Amino acid sequence: MTRQVTDIEIVGGHPAVDFVNTIQNWTTRDARDYLGGFADFLVWNQRVGLLWAKAVKHFLSRPAPEQQMALEAARALRSDLHSLFSALAAGERLPQGAFDHLNEVIRRTVTWRCLAADPQDACRSLCCLWEFRDAPAYAALGPVAWKSAELLELGETDRLKICPAGNCGWLFIDTSKNRSRTWCSMKACGNAAKVRRFRERHKTV
């Protein structure tokens, strides 16, 4: 059965990391992209709480060429975020070009970001909101781009890891107390490794 964007395990520990994990397998160039269309990108954002139904409906009403350009921009951003997060996980030098691209997306989407009184706190504190009325499809990149910047600036990036499975390469934030988590998911890669080790121990000569 073909997996859809709604079937992807959310295992990254942060929306920006899970966005990078919308590629089935980062260890090969032929891996499946779960963002097959702009609608998939919107559905994923709604699933992780970065967009809401009204915003999704608005962006789906934008012209098709505009949606396609936004999808290509989202994929390019994802690729650069993968470069940044992978470098952090491996302790390697961070690619400045990826930072430059993220900064560009942030600059282009700040128009639709605003401060407001938080209704969930009886309007006694401030929160940042997105106002997408009349916004182009590209504006949908705003929430994930800003979340990514938040993670890079304030998050526990020293806990970023890369799943070692040969057909995975997904990223995740290891929140275990002793930083002992190995796999992106025990349900998938972890279990597959256990089965493989069992078979190797019990294979006949």
Side-chain angles (χ1 to χ4, degrees), residues 3 5 7-38 40-45 47-51 67-110 113 130 137-176 179 181-185 188-190:
R3 290 181 65 194
V5 70
D7 300 324
I8 302 175
E9 279 196 272
I10 303 299
V11 299
H14 189 280
V17 180
D18 285 311
F19 176 50
V20 171
N21 292 344
T22 55
I23 285 283
Q24 183 187 42
N25 178 2
W26 277 103
T27 64
T28 175
R29 292 185 177 182
D30 298 325
R32 179 187 172 190
D33 187 347
Y34 289 113
L35 302 184
F38 186 59
D40 292 324
F41 175 66
L42 298 177
V43 168
W44 177 86
N45 272 272
R47 185 181 175 196
V48 298
L50 295 181
L51 288 177
Q67 291 187 35
Q68 183 60 33
M69 290 178 64
L71 172 63
E72 292 170 3
R75 288 172 172 167
L77 175 63
R78 180 183 57 187
S79 180
D80 280 331
L81 290 176
H82 177 258
S83 297
L84 284 169
F85 296 159
S86 296
L88 283 165
E92 298 173 349
R93 184 172 181 174
L94 301 177
Q96 185 58 48
F99 276 123
D100 293 341
H101 185 200
L102 177 58
N103 283 326
E104 177 190 354
V105 177
I106 288 172
R107 283 193 296 268
R108 288 185 62 182
T109 57
V110 70
R113 188 170 170 84
W130 292 93
Y138 185 91
L141 276 67
V144 72
W146 283 76
K147 277 291 184 182
S148 300
E150 178 186 273
L151 173 61
L152 290 165
E153 182 181 10
L154 304 172
E156 294 183 288
T157 54
D158 60 318
R159 287 180 174 267
L160 271 168
K161 290 185 177 181
I162 303 173
C163 182
N167 59 346
C168 183
W170 271 14
L171 289 145
F172 61 91
I173 298 175
D174 183 0
T175 57
S176 63
R179 304 192 184 206
R181 180 177 167 187
T182 301
W183 311 101
C184 65
S185 167
C189 293

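Not measured: the values here are computed from a predicted model.
- Between Pro164 and Trp183 the shortest heavy-atom distance is CG-CZ3, 3.5 Å.
- With rounding to the nearest 0.5 Å, the separation of CD in Gln24 from CG in Asn167 is 8.0 Å.
- Distance CG/Asp158 to CG/Asp174: 10.0 Å, rounded to 0.5 Å.
- Note: Ser83 OG to Leu88 CG = 11.0 Å, rounded to the nearest 0.5 Å.
- Across all non-hydrogen atoms, the minimal contact from Ala70 to Phe38 is CB-CE1, 3.6 Å.
- To the nearest 0.5 angstrom, Ile8 atom CD1 is 6.0 Å from Thr22 atom OG1.
- With sequence neighbours left out, the side-chain contact (heavy atoms from CB on, under 4.5 Å) criterion links Asp33 to Ile23, Leu35, Arg75, Arg78.
- Annotation: side chain of Asp40 is not in contact with side chain of Trp44 (no heavy-atom distance under 4.5 Å).
- Of all heavy-atom pairs spanning Ala16 and Phe85, the tightest one is O-CE1, 3.7 Å.
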Would you list the atom pairs, donor with acceptor, under 3.5 Å between side chains in residues 96-104 and any protein atom, with sequence neighbours excluded?
residue, atom, partner, partner atom, Å
Gln96, NE2, Asp100, OD1, 2.9
His101, ND1, Asp80, OD2, 2.7
Asn103, ND2, Phe99, O, 3.2

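- Listed by chain and number, the residues in a side-chain contact (heavy atoms from CB on, under 4.5 Å) with Thr27 are Asn25 (sequence neighbours excluded).
- Nearest approach of Gly12 to Asn21, heavy atoms of both residues: CA-ND2, 4.2 Å.
- Side-chain contact check for Val48 versus Phe19: every heavy-atom pair is 4.5 Å or farther apart.
- Counting only residues at least two apart or on different chains, the side-chain hydrogen bond (donor to acceptor under 3.5 Å, both in side chains) pairs with a member in residues 86-95 are His82-Ser86.
- Looking at Trp130, its side chain never comes within 3.5 Å of a backbone N or O of Leu51 through a donor-acceptor pair.
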Cut-off 3.5 Å, no hydrogens considered: what does the side-chain donor-acceptor table look like for residues 137-157, sequence neighbours left out?
residue, atom, partner, partner atom, Å
Trp146, NE1, Thr109, OG1, 3.2
Ser148, OG, Val144, O, 2.7

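- Rounded to the nearest 0.5 Å, atoms CD1 (Ile173) and CG (Asp18) are 8.5 Å apart.
- Taking all atoms of both residues into account, the shortest heavy-atom contact from Val11 to Arg181 is O-NH2, 3.0 Å.
- Pairing each heavy atom of Gly169 with each of Ile162, the nearest pair is O-CG2, 3.8 Å.
- The side-chain contact (heavy atoms from CB on, under 4.5 Å) check on Gln68 picks up Leu71, Glu72, with sequence neighbours excluded.
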